[in-house]
**Student:** 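Could you have a look at this structure, given as structure tokens, before my questions?
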There are 2 protein chains.
Amino acid sequence: MMMHFDLAQTAPAAPAPVPCQDASFCQRCDVRARAICGTLEEDDRAALNRLGRRVTVQAGQTVMWEGDDATIVANVIEGTLKLSASTGDGREQIVGVVYPSDFIGRPFGRSTPHSVTALTDARLCLFTRGAFDGFARTHPELGHRLLQRTLDDLDRARAWMLLLGRKNAREKIATFLLDMSQRLAGEGAGPLDSFALPLSRQQVADVLGLTIETVSRQMTDMKRAKIIDLPNRRTVEILDRDQLSCLAEVA
Amino acid sequence: MMMHFDLAQTAPAAPAPVPCQDASFCQRCDVRARAICGTLEEDDRAALNRLGRRVTVQAGQTVMWEGDDATIVANVIEGTLKLSASTGDGREQIVGVVYPSDFIGRPFGRSTPHSVTALTDARLCLFTRGAFDGFARTHPELGHRLLQRTLDDLDRARAWMLLLGRKNAREKIATFLLDMSQRLAGEGAGPLDSFALPLSRQQVADVLGLTIETVSRQMTDMKRAKIIDLPNRRTVEILDRDQLSCLAEVA
DNA sequence: CGGTGAGTTGAAAGCAATCAAATGGCGTGG
DNA sequence: CCACGCCATTTGATTGCTTTCAACTCACCG
């Protein structure tokens, strides 16, 4: 049975707060339009801004721990983070990957059901739970945006359950690469044919419920078949998207 | 590669509407307290009631099809239903099981991401999407309840991803039985030590990402080990909950 | 120029899937 | 009431995919 402990994750976690709360922050925010705060009225947005703090986290830092009291929530401004759950004996499953404009944390609940760890250096717009929950309760518009986002996350999680439960290694890798190429492109854009993976091989394995060796073998097989190219460890080029889609065995 | 088609699912789907819309319906509703409509003011609740229809569906009937336009949503009043996704070649994964007071359907979206099929005869409180979405937008309290429920569903889905990706057959079965014993008991109650499975062996396999043979073997193994008893095909008795919890390898 | 850690490759083992056949519960019709 | 047939489930034998264990390559860095 696989057992691994990623040392980077066990590094001290406390993110460094950056106490710049001037009102122009949101104006300059790259992700505001897509984030849950995007549709707030100007003065509501300013009020929310006063509740939040910008923080930066380094790759490998864990922002929230599985099972801990849920004391903070945040918007992702920049960077990529993983949500992960694990068994008592150390097997890990990544249950979500979040990108800029995504929301993290568990509002309206007691404890955080999974850990949140930065995969790359990241910037967050952080709120304490109490402040955020209170604001959300009095601003239905925010709650509605959060609901929409949560419904989307749920759809994505359930689609991933099909992958985890019923797809074989080759189909998992193909689906994963297509998903990455789409999600790294961002909302409106078309899928990328070349991109840098924010994940190590081990993390790809943890997303797909595989081992690192199987991920490596499948990827080199696809490289040999000229479906993808792997110029270096972190970059992927999709050479034959049609065939990749075919392998992904879409529903 | 497994491939099966459950004929019962392909039966004609249209649920029979029961046009009893008198105001006393909600008063007598078994699940109102736990459902999303539970905290509405009396007149709001009456207004919502006027938008909904009671329908009954038979075991095996599919209420919504994966990929269809999302035109309805509903509260489950009685019975058990499955949410399922499948690959192009017929492999199926059950991505959720819903019980009385749960909400089904995809509000605020274009298409239904997974099929919804009754496992037992069931009664639903059904709304058209347009009517429900409009009502929800003007009643933040309802939206908030729905958000809480969706957040819970998302947590559950992600916990299941750990099971699908990282647990072996024995652990999957043990986790599943414990989960069932808890969820069939309902909100406040303690877990049941004896219960009737609303799922066939094939459906258990589809929940766990296994084959029917593996489910059968693991369950008879546990029976031989006196951890559970299986007096007949559909009933399960938990004889040694501690050992079952141990096998489940809880996180 | 060795050291380190991520990633790749190879060989073998193991677990669940697949293929195949037997069992048993249940409703129907004689 | 019993025999029959159907279908879900169980059980057995075998296969094969993924894991496991192990060795090796490679890039990067002091």
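Computation of the quantities below employed the complete heavy-atom set of this structure, encompassing side-chain atoms and omitting hydrogens, waters and symmetry-equivalent molecules. In what follows, chains carry the letters A, B, and so on, assigned in the order in which the sequence lines appear, proteins first and then strands, with residues in each chain numbered from 1.
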**Student:** Kindly write out the residues that satisfy side chain to side chain contact (heavy atoms under 4.5 Å, CB included) with A:R234, not counting sequence neighbours, or none if the list is empty.
**Tutor:**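 Here the qualifying residues are A:S200, A:N232.
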**Student:** Figure out the CD1/P separation between A:I173 and C:dG7, and round it to whole Å.
**Tutor:**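 These atoms are roughly 13 Å apart.
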**Student:** Can a salt bridge be assigned to the pair B:E92 and B:K82 using a cut-off of 4.0 Å between side-chain N and carboxylate O?
**Tutor:**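 Counted as a salt bridge, because a side-chain N and a carboxylate O are separated by less than 4.0 Å.
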**Student:** Has the side chain of B:Q202 got a donor or acceptor that lies under 3.5 Å from a partner of the other kind on the base of D:dC7?
**Tutor:**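 Counting by modelled atom types and ignoring angles, no donor-acceptor contact under 3.5 Å is found here.
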**Student:** From the set D:dT10, D:dT18, C:dT9, return the single nucleotide nearest to any side-chain atom of A:Q218.
**Tutor:**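 That would be D:dT18.
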**Student:** Salt-bridge test for B:D155 and B:R158: reply yes if a basic N is under 4.0 Å from a carboxylate O, no otherwise.
**Tutor:**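 Salt bridge between B:D155 and B:R158, a charged N being under 4.0 Å from a carboxylate O: no.
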**Student:** Got a sec, which residues hit side chain to side chain contact (heavy atoms under 4.5 Å, CB included) with B:A74, two or more places apart in sequence or on another chain?
**Tutor:**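 Scan of B:A74 (side chain to side chain contact (heavy atoms under 4.5 Å, CB included), adjacent residues dropped) gives B:I104, B:L124, B:L126.
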**Student:** A:L208 CG to D:dC17 C1': how many Å, rounded?
**Tutor:**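 After rounding, the gap between these two atoms is 16 Å.
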**Student:** Please list, by residue number, the residues of residues 221-240 of chain A whose heavy atoms come closer than 4.0 Å to an atom of DNA chain D; answer none if no residue qualifies.
**Tutor:**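 A:R233 - these, ordered by number, are the residues of the stretch whose heavy atoms sit under 4.0 Å from the strand.
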**Student:** Whole angstroms only, please: what is the CZ-P distance between A:R201 and D:dT25?
**Tutor:**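 In whole Å, D:dT25 P and A:R201 CZ are 19 Å from each other.
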**Student:** Measure from CG on A:L210 to P on C:dT8 and round the result to the nearest Å.
**Tutor:**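 Result: 14 Å.
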**Student:** Given atom CD of A:Q203 and atom P of C:dG7, what is their separation to the nearest angstrom?
**Tutor:**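 After rounding, the gap between these two atoms is 9 Å.
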**Student:** Consider the side chain of A:S200, meaning its heavy atoms from C-beta on, and name the nucleotide among C:dG7, D:dT18, C:dT9 that approaches it most closely.
**Tutor:**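 Of the options given, the side chain of A:S200 lies nearest C:dG7.
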**Student:** I need the CZ-P distance between B:R170 and C:dG14, as an integer number of Å.
**Tutor:**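 Distance check: B:R170 CZ to C:dG14 P gives 17 Å.
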**Student:** Is A:Q182 reaching over with its side chain to a backbone N or O of A:D179, donor-acceptor style, under 3.5 angstrom?
**Tutor:**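 Between the backbone of A:D179 and the side chain of A:Q182 there is no qualifying donor-acceptor contact (under 3.5 Å).
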**Student:** To the side chain of A:R217, which of D:dT11, D:dT10, C:dA11 is closest?
**Tutor:**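 The closest nucleotide is C:dA11.
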**Student:** Specify the separation, in whole Å, of atom CE of B:M219 and atom P of D:dA8.
**Tutor:**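 In whole Å, D:dA8 P lies 17 Å from B:M219 CE.
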**Student:** Salt bridge (Lys or Arg N to Asp or Glu O under 4.0 Å) with B:R149: which residues, sequence neighbours excluded?
**Tutor:**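 So B:R149 forms a salt bridge (Lys or Arg N to Asp or Glu O under 4.0 Å) with B:D102.
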**Student:** Tell me which nucleotide among D:dT9, C:dT8, D:dT20 gets nearest to the side chain of A:E213.
**Tutor:**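 From the listed options, D:dT20 comes nearest.
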**Student:** Considering residues at least two apart in sequence or located in another chain, which fulfil the ring pair (Phe, Tyr, Trp, His ring centres under 6.0 Å) criterion with B:F103?
**Tutor:**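 So B:F103 forms a ring pair (Phe, Tyr, Trp, His ring centres under 6.0 Å) with B:F132.
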**Student:** Verify the contact: side-chain N or O of B:T220 to OP1 or OP2 of D:dT11, cut-off strictly under 4.0 Å; return yes or no.
**Tutor:**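 Result: yes.
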**Student:** Can you check whether B:M222 reaches B:L244 side chain to side chain, under 4.5 Å on heavy atoms?
**Tutor:**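 They are in contact (side-chain heavy atoms under 4.5 Å apart), so the answer is yes.
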**Student:** From CD1 of B:I212 over to P of C:dA17, roughly how many Å is that when rounded to an integer?
**Tutor:**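 From B:I212 CD1 to C:dA17 P: 12 Å.
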**Student:** Output the single nucleotide from D:dT10, D:dT19, C:dT9 whose closest atom is nearest the side chain of A:T214.
**Tutor:**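 Of the options given, the side chain of A:T214 lies nearest D:dT19.
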**Student:** If the threshold is 4.0 Å, N to carboxylate O, is there a salt bridge linking B:D89 and B:R91?
**Tutor:**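 Judged by the 4.0 Å cut-off on N to carboxylate O distance, B:D89 and B:R91 do form a salt bridge.
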**Student:** Would you work out how much the helix from C:dC1-D:dG30 to C:dG30-D:dC1 bends between its ends, with each end axis defined by five base pairs, to 10 degrees?
**Tutor:**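 Comparing the first five pairs with the last five, the axes sit 20° apart.
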**Student:** Is it true that the side chains of A:R166 and B:S86 contain a donor and an acceptor less than 3.5 Å apart?
**Tutor:**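 Checked: A:R166/B:S86 side chains show no N/O donor-acceptor pair below 3.5 Å.
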